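Read through the structure below, which is laid out as structure tokens, and then see the notes.
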Amino acid sequence: MRLTAPRGTNDILPDAIPAWRALEAAVHAICHRYGYQEIRTPVLEHTRLFQRSVGEATDIVEKQMFTIATREETEDESDSLTLRPEITAPVVRAMVEHDMLKQRGFWKLYYVGPAFRKERPQKGRLRQFHQFGVEAVGSHDPLVDAESILLLADILRAAGVSKFEVRLNSIGCEACRPAYRAAVRTAAQERVERLCSDCRRRIDRNVLRVFDCKVEGCKTAARELPAIAEYLCDGCRAHDAGVRGALNDSLPIRVDTTLVRGLDYYTRTVYEFTSPLLGAQDALGGGGRYNDLVRHLGGPDAGAVGFAAGIERMLIAIQASGSRVAPAPELDVYAVSVDGGQRGLLFEVLRRLRDRGLSATMDFEGRSLKAQMRSADKLNARFALILGPEEAARRVVKVKNLRLQADEKEVEVSIDDVASMLAGR
Ligand code: AMP
């Protein structure tokens, strides 16, 4: 049987790596520019972390988690582990576990890494995908919300995503959302025949999720449901105005009163970045404020805001933008043995080159001169070092500059000097 990667997972082969590295470099550089520090947490977490944070009545927890029974597991299901379906809850768990908010009241953290969801795979929807995201924890200031939106926009622009849209909404807080939820529930009940079976269940369990449904009948029904704006309390209203005011004209934003997010922990600000360059799965990233999560996971009362964005989706959008493709990395030197007899000596030369900080490799298959030159080309080498028996006897090597066309591109250099000479180029 032919072995393949599991459905919905991808191998990232060497040719694809430059694009990934370029995007990751933009993420690191711009997060640093905004004063965010990197954090790395395990890929595995206790299942109950996600049940408690993402929410029992969400699609993710209901049907998308890869959960692993551990050997030492007791009958108690709460002992199981889950491959993280998102990374906000793990970051907050780590902050609480390490008492980080006792050391410093406010943290700006970012992460890059894989996440896992048992979804039906399609273009832009995978079972193992990669996210980067930020979490600013310890402030209620609406400027932090605005800053996180500007940061993601800067990353998209730096990475070469030419077209994207930002939608913004407030979903209120525990003070004003219950009345809103009740109003939506009443209105949804009046339209129950038009809703899909999932949404009918959602009316009682988690009615705001109806806004998220992709079924056509539910989408039109959702447009008739009450809008949150009329229900926001004064605090939420002021916060929302603060976010919009800070964004001002720096970024075109569309206020969308039907925007809710797929996770339970959001309060006040929610936002989503989409791109017309993507297909049906058009979300590049999304986030918002989650003022209750830190306390909920055993930490202090701490306002927090953040987003997560999908790397694979961004790469699709970058490609569709026709942005300059990240070049393959250069290899400084490919060492060529004319008749195979000089490989021991070349191996020695490679060591000297690497000691000087040059990247270098050689043929390990005993292939023809021509085949070795083809390898030099494929590996994007700047120089070929060519060693035959006659050169070896004189302890010299031919250095060929592969970036030049003409005949003058080849010189002979003493084996003892070649590393210092190339290190200078
Ligand atoms: P979410 O945590 O669901 O808000 O996801 C944040 C971002 O991660 C989305 O906007 C997507 O870009 C990306 N994403 C989420 N789920 C998947 C998936 N199954 N496959 C690929 N990318 C995903």
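Numbering starts at 1 and runs along the sequence shown. Since the structure is predicted, the reported quantities are computational estimates derived from the model, not experimental observations.
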Pair Asn380-Leu331, side-chain contact (heavy atoms from CB on, under 4.5 Å): steps then yes or no:
CA-CA 6 Å; Asn380 199 15; Leu331 181 73; 5.8 Å; no
Take Ser53 and Tyr290 through the side-chain hydrogen bond (donor to acceptor under 3.5 Å, both in side chains) test and state the conclusion after the steps.
CA-CA 10 Å; Ser53 56; Tyr290 49 95; over 6 Å; no
With side-chain hydrogen bond (donor to acceptor under 3.5 Å, both in side chains) as the test, would you mind laying out the steps for Asp256 and Thr258 before giving the verdict?
CA-CA 5 Å; Asp256 177 356; Thr258 66; 2.7 Å; yes
Pair Leu109-Met95, side-chain contact (heavy atoms from CB on, under 4.5 Å): steps then yes or no
CA-CA 10 Å; Leu109 302 174; Met95 294 188 73; 3.7 Å; yes
Between His239 and Cys173, does the side-chain contact (heavy atoms from CB on, under 4.5 Å) criterion hold? Intermediate values first, please.
CA-CA 11 Å; His239 187 90; Cys173 64; over 6 Å; no
Apply side-chain hydrogen bond (donor to acceptor under 3.5 Å, both in side chains) to Thr267 and Glu174, showing your working.
CA-CA 8 Å; Thr267 51; Glu174 274 319 306; over 6 Å; no
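Taking the centre of each ring, Tyr231 and Tyr180 come in below the 6.0 Å mark.
Counting heavy-atom neighbours within 6.0 Å of Arg202 CZ, excluding the residue itself, gives a total above 12. In Phe106, the CZ atom is crowded: over 12 heavy atoms of neighbouring residues, nucleotides or ligands sit closer than 6.0 Å. Other residues, nucleotides and ligands contribute more than 12 heavy atoms inside 6.0 Å of the CZ atom of Arg104. Within a 6.0 Å sphere centred on CZ of Arg40, heavy atoms belonging to other residues, nucleotides or ligands number 12 at most. For Arg120, the CZ atom sits in a loose shell: 12 or fewer heavy atoms of surrounding residues, nucleotides or ligands are nearer than 6.0 Å. Within 6.0 Å of CD on Gln319 lie no more than 12 heavy atoms contributed by other residues, nucleotides or ligands. Sparse packing is recorded around CG of Asp15, with 12 or fewer heavy atoms of other residues, nucleotides or ligands lying under 6.0 Å away.
Tyr110 and His28 form a side-chain donor-acceptor contact under 3.5 Å, judged by distance and modelled atom types alone. Ser375 and Arg367 share a donor-acceptor pair across their side chains, judged by distance under 3.5 Å alone.
Using a 4.0 Å cut-off between charged nitrogen and carboxylate oxygen, Arg21 and Glu24 do not count as a salt-bridge pair. Using a cutoff of 4.0 Å between basic side-chain nitrogens and carboxylate oxygens, Arg244 and Asp240 are scored as salt-bridged. Under a 4.0 Å N-O distance rule, the pair Asp198/Lys63 qualifies as a salt bridge. The existence of a salt bridge linking Asp292 and Arg295 is confirmed by a sub-4.0 Å separation between a basic side-chain nitrogen and an acidic carboxylate oxygen.
The CD atom of Glu119 sits 11.5 Å away from atom CZ of Arg7, with the distance rounded to the nearest 0.5 Å.
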